[in-house]
Number of protein chains: 2
Amino acid sequence: MKKNKQGCDRQTCLVCRLCLKEWLPAVQAQKKHFDCKKGDVLFREGDPVTGIYFLYRGKVKVHKHWDEGKELIVRFAREGDIVGHRGIGADMVYPVTATALEPATVCYFELDFFNASLKVNHELLYELMLFYAWELQESEKRMRNLAHMPVKGRLANALITLKEKFGYDKDGFIAFPLSRQDLASYIGATYETTFRMLTAMIEENLVAVSGRYITLTNEEKLHRLREGPF
Amino acid sequence: MKKNKQGCDRQTCLVCRLCLKEWLPAVQAQKKHFDCKKGDVLFREGDPVTGIYFLYRGKVKVHKHWDEGKELIVRFAREGDIVGHRGIGADMVYPVTATALEPATVCYFELDFFNASLKVNHELLYELMLFYAWELQESEKRMRNLAHMPVKGRLANALITLKEKFGYDKDGFIAFPLSRQDLASYIGATYETTFRMLTAMIEENLVAVSGRYITLTNEEKLHRLREGPF
DNA sequence: TTAGGTGTATGATTTATGTCATAAAAATAA
DNA sequence: TTATTTTTATGACATAAATCATACACCTAA
């Protein structure tokens, strides 16, 4: 990660957006920008928590690991998203790893400063609380899916979610290229099964694929796949 | 659910514990107590969110459902625990159901009042945020386990967690009687597999069982089961 | 007392998904 | 360019866990 002198637009992240006028100079003084390239790790599961990140440019995957070689992608973060908040209040070690999926720029705050910001800025704290509440809901929904939904349903669900979060690009594909392996890790299945399911979905004309780009060709049926097996 | 005239001890729940002196009369005026018996439902998945509950006495399971008949228990709540917070900020419908596992008494706040409390009480808001952060971590850990850990490991993990949360009773069993079905729903497996795994664990002298009560007889090995298959 | 529900207990069978093996293709490095 | 690593692609096989079927034990309601 390289330090980046150029500042952010003071609009993208929560801290800047909700910042009190009086607190702005402090934010300006404290924040650090970093550039990172594809594959760079912002922080690793088990590392002591030092601060919190806001993604200013690029995409990042947040993932947990188990038993050498098995990973579960917990979340994909995009511009404006907060990353590293999972370390707050915790055992003071990051419970997840954050890895850049493409060149990215992050805005970083030391934990102490961020906490101080929360102390003085009620609105910021409230927004953060709401954000956690939302993430908790998402997480528990995925938990239930993992427990009861078959892989195909989880895949359909994931694709719909990705489409909703990232939208389509000019060519009509989900604006978020993903390796098959990352897709598999995201839905909590092996590479092979995910691949097979995707192939099946292509044959059924539910999705179309071009390299790492995917598009939904029959959302109706995909939605039904999430509802339950029939 | 029956209304309960008798007040709480003003010590158990977060709102009472962190309440500002000036705000206390309002709390006293607003809070409602309910008694419920085993099997009573506090609120159901999909119901519009009306308020938030604090458990004053008894135990409650918080569960999600999928496709008729399949449930996943998201959490067991005990005295002092908050229940219904998953509704905050959300689509305004509860994403989970809460069911009493034994006779219980709850303290209830209307959502508007609770939100107002958060507005005026920074400390309360901060604690709530930390609580969410913690729950999120737990949830994501369980998510990973569901994705990658075999049933036996999840069972071992669940038993250790339950023991840590509820402790042992005077007879040396986990102070939290659980039906096999609830145990199964908690680890995200079917009743039958859970039963078989439990039987296996009894044979291996890892646990001992008396009806719905369970005790850990070899924590060492149980801990190792969570680490990974070998 | 019987009857009927609910939870417990197990065997037999099926199936979804993971594991293993291998190879082509594509990307990246030398 | 060639070499080498990473990603994609598939088939064959193994197996964990779900499903189905059935029976018994234990309450508690009639």
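Letters A, B, ... mirror the listed sequences (proteins, then strands); counts begin at 1.
Not counting sequence neighbours, the partners of Glu220(B) by the side-chain hydrogen bond (donor to acceptor under 3.5 Å, both in side chains) test are Arg224(B). By the salt bridge (Lys or Arg N to Asp or Glu O under 4.0 Å) test, Glu192(A) pairs with no residue at all, sequence neighbours left out. Residues that satisfy the salt bridge (Lys or Arg N to Asp or Glu O under 4.0 Å) test with Lys152(A), not counting sequence neighbours, are Glu204(A). Remark: Lys70(B) pairs with no residue by the salt bridge (Lys or Arg N to Asp or Glu O under 4.0 Å) rule, at least two apart or across chains. Shown here are the side-chain hydrogen bond (donor to acceptor under 3.5 Å, both in side chains) partners of Thr105(B), two or more places apart in sequence or in another chain: Asp35(B), Arg57(B). With sequence neighbours excluded, the residues that form a salt bridge (Lys or Arg N to Asp or Glu O under 4.0 Å) with Lys59(B) are Glu79(B), Glu102(B). Listed by chain and number, the residues in a side chain to side chain contact (heavy atoms under 4.5 Å, CB included) with Ala158(B) are Tyr186(B), Ile187(B) (sequence neighbours excluded).
A salt bridge between Asp81(A) and Arg78(A) is absent, with no side-chain N of the basic residue lying under 4.0 Å from a carboxylate O of the acidic one. Comment: Lys64(A) does not engage Glu140(B) in a salt bridge, judged by the lack of any side-chain N to carboxylate O separation of less than 4.0 angstrom. A salt bridge does not link Glu138(A) to Arg75(A): none of the charged nitrogens lies less than 4.0 Å from a carboxylate oxygen.
The distance from atom OH of Tyr213(B) to atom P of dT8(C) is 13 Å, rounded to the nearest whole Å. Atom NE2 of His148(B) is separated from atom C1' of dT19(C) by 15 Å (rounded to the nearest Å). We find that CG of Leu146(A) is positioned 10 Å from P of dG18(C), with the value rounded to whole Å. Remark: P of dG18(C) and CE of Met149(B) are 16 Å apart, rounded to the nearest angstrom. Protein atom OH of Tyr191(B) is 18 Å distant from nucleotide atom P of dA17(D), rounded to whole Å.
Checking the phosphate oxygens (OP1, OP2) of dT15(C), no side-chain nitrogen or oxygen of Lys152(A) falls inside 4.0 Å.
An angle of 40°, rounded to 10°, separates the two end axes of the helix from dT1(C)-dA30(D) to dA30(C)-dT1(D), each defined over five pairs.
Contacts between residues 192-199 of chain B and DNA chain C, defined by a heavy-atom separation under 4.0 Å, are made by Glu192(B), Phe195(B), Arg196(B). Of the residues in residues 179-190 of chain B, Ala189(B), Thr190(B) come within less than 4.0 Å of DNA chain D through at least one heavy atom, sorted by number.
Applying side chain to side chain contact (heavy atoms under 4.5 Å, CB included) to Thr97(A) and the options Lys61(A), His65(A), Glu71(A) leaves one that passes, His65(A). None of Val74(B), Ile73(B), Thr194(B) except one satisfies the side chain to side chain contact (heavy atoms under 4.5 Å, CB included) rule with Ser185(B); the exception is Ile73(B).
The main-chain N or O of Leu206(B) is found under 3.5 Å from a side-chain atom of Thr217(B) such that the two form a donor-acceptor pair.
A perpendicular orientation is assigned to the rings of Tyr56(A) and His33(A), their planes being inclined by more than 60° (bins at 30° and 60°).
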Table of protein N/O atoms under 3.5 Å from nucleotides 26-30 of chain D N/O atoms:
none

Heavy-atom protein contacts under 4.0 Å, nucleotides 24-30 of chain C, coded B base, S sugar-phosphate only, - none: -------

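A centroid separation of 6.0 Å or more is found between the aromatic rings of Phe166(B) and Phe76(B).
Heavy atoms of Arg212(A) sit under 4.0 angstrom from primed sugar atoms or phosphate atoms, though from no base atom.
Dense packing is recorded around NZ of Lys165(B), with more than 12 heavy atoms of other residues, nucleotides or ligands lying under 6.0 Å away.
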